[in-house]
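The structure appears below as structure tokens.
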Amino acid sequence: SGFLCLLGSFTATFAVVLPSFIIVLAICRVYDKWRNHPNTPDAEDDKLTEYMEGMKMSYKLIALDLDGTLKTSDNRISPKTREALIECQKRGMRVILASGRPTPGLRHEAEELELAKYGGLLLSFNGARVYDITNDKVIYEKVVDRQYALEIYDRAKQYGLAVMTYDGLNILTEDDDDQYVQVEQNINDMYIKHTDAWKETLPESINKVLLTGTPEYVASIEQEFKAP
């Protein structure tokens, strides 16, 4: 990876990515059978209905990482997964997208899964912000101290690393030609906002500062960079 580290505010709010992935697989299998076998004998259909109802009672929340968990290798949510998660929401379960991405980087997946309709939440910036998409409200936020962000910038530039942070739909950076800044733009479908004075144009709330470099270089300096 060309990303050195996610220097920001981290909150281990939900440590359920792997279990939730397993739950979704199970839900997909059950829902697929339920949907594609309308002529199932009544007794078997009753069992499936009972199973789905049981899951409604057992699980109140499903928190999912996106990349490599919810999304396929070609960066999409499969129709089966989408249908299963919407069915779960109809049955009273709340779906949360939990990611290191910025909040705007989750908007397309949230729309696809109809989270606003069912009270879903977006947990972004590695847990530094929790957004209630239904009520358009930030219900939790942890920000990076501004002085700390400035010190991160200075240290990063000593090592020749690209630096970025986020301001609404924009990725704020002096390094818009950096390949990993462009990767971040593409993953999140956001805009790159160039500035010649990053330290003077920081947004009021800073949830994360991301530093990038080539994988080989990052590996060679990581321990020295992190040292006090």
F125 and Y166: CA distance, side-chain angles, deciding distance, ring pair (Phe, Tyr, Trp, His ring centres under 6.0 Å) verdict: CA-CA 10 Å; F125 296 113; Y166 307 88; 5.6 Å; yes

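- The ring-ring contact (aromatic ring centres under 6.0 Å, His included) analysis of residues 60-86, with sequence neighbours excluded, yields no pairs.
- Among residues two or more places apart in sequence or in another chain, the side-chain contact (heavy atoms from CB on, under 4.5 Å) test is passed with S124 by T103, L106, R129.
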If you apply the rule side chain to side chain contact (heavy atoms under 4.5 Å, CB included), what do you find for L97 with L66, and how did you get there? CA-CA 7 Å; L97 299 183; L66 268 68; 3.9 Å; yes

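- How far OG1 of T134 is from CG of L115: 8.0 Å, rounded to the nearest 0.5 Å.
- With a 6.0 Å radius and a threshold of 12 heavy atoms from other residues, nucleotides or ligands, Q158 has its CD atom above the threshold.
- Judged as a side-chain contact (heavy atoms from CB on, under 4.5 Å), and not counting sequence neighbours, the contacts of D167 are K193, P203.
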Determine, step by step, whether M190 and N170 satisfy the side chain to side chain contact (heavy atoms under 4.5 Å, CB included) criterion, reporting the C-alpha distance in whole Å, the side-chain angles of both residues, the deciding distance to 0.1 Å, and the verdict. CA-CA 6 Å; M190 294 173 67; N170 299 312; 5.8 Å; no

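- Interatomic distance, CD1 of I152 versus CD of Q147, reported as 10.5 Å (0.5 Å rounding).
- Grouping the Ile, Leu, Val, Met, Phe, Trp and Tyr side chains by contacts below 4.5 angstrom, directly or via other members, places L150 with Y159.
- Salt bridge annotation for R101-E184: absent, with no cationic side-chain nitrogen under 4.0 angstrom from a carboxylate oxygen.
- Residues in residues 149-166 take part in these salt bridge (charged side-chain N to carboxylate O under 4.0 Å, His left out) pairs, two or more places apart or across chains: D154-K199, K157-D175.
- Taking all atoms of both residues into account, the shortest heavy-atom contact from I133 to A110 is CD1-CB, 3.7 Å.
- In this structure, N207 and V144 have side chains that are not in contact, with every pair of non-hydrogen atoms separated by 4.5 Å or more.
- Taking every heavy atom of both residues into account, I192 and D176 meet most closely at CG2-CB, 3.4 Å.
- For the residue pair Q182 and N186, no side-chain donor N or O sits within less than 3.5 Å of a side-chain acceptor on the partner.
- Among L161, T212, T214, the single residue meeting the side-chain contact (heavy atoms from CB on, under 4.5 Å) criterion with D178 is T212.
- Between E83 and K80, the closest side-chain pair of non-hydrogen atoms is not below 4.5 Å.
- Residue L70 holds its CG atom at 8.5 Å from CG of D65, rounded to the nearest 0.5 Å.
- A 4.5 Å side-chain heavy-atom check between T195 and T173 finds every atom pair outside the cut-off.
- Within the structure, ring-ring contact (aromatic ring centres under 6.0 Å, His included) contacts touching residues 182-210 (residues at least two apart or in different chains) are Y153-W198.
- You'll find the side chain of I206 stays beyond 4.5 Å of the side chain of D145, heavy atoms only.
- Contact annotation: the side chain of I62 never approaches that of I96 to less than 4.5 Å [non-hydrogen atoms, C-beta and beyond].
- Checking Y131 against E141 by side-chain atom types alone, no donor-acceptor pair falls below 3.5 Å.
- No side-chain heavy atom of P215 sits under 4.5 Å from any side-chain heavy atom of V218.
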Evaluation steps, side chain to side chain contact (heavy atoms under 4.5 Å, CB included), between V183 and Q179: CA-CA 6 Å; V183 167; Q179 61 176 312; 5.5 Å; no

Please step through side chain to side chain contact (heavy atoms under 4.5 Å, CB included) for the pair L210 and V163, ending with a clear verdict. CA-CA 6 Å; L210 185 62; V163 183; over 6 Å; no

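- Distance OG/S205 to CZ/R146: 10.0 Å, rounded to 0.5 Å.
- With rounding to the nearest 0.5 angstrom, the CG atom of D67 is 6.0 Å from the CD1 atom of I187.
- Side-chain atoms of H108 and D189, non-hydrogen and from C-beta on, do get closer than 4.5 Å to each other.
- Between the CD1 atom in I139 and the CG atom in D132 there is a gap of 5.5 Å [rounded to 0.5 Å].
- A salt bridge is absent between R107 and E111: the closest approach of a Lys/Arg side-chain nitrogen to an acidic carboxylate oxygen does not fall below 4.0 angstrom.
- Contact check for R94 versus Y118: no side-chain heavy atoms found under the 4.5 Å cut-off.
- Linking ILVMFWY side-chain heavy atoms closer than 4.5 Å, directly or via other members, places L169 and L122 in two distinct hydrophobic clusters.
- Applying the side-chain contact (heavy atoms from CB on, under 4.5 Å) rule to E112 yields the partners I77, R82; only residues at least two apart in sequence or on another chain are considered.
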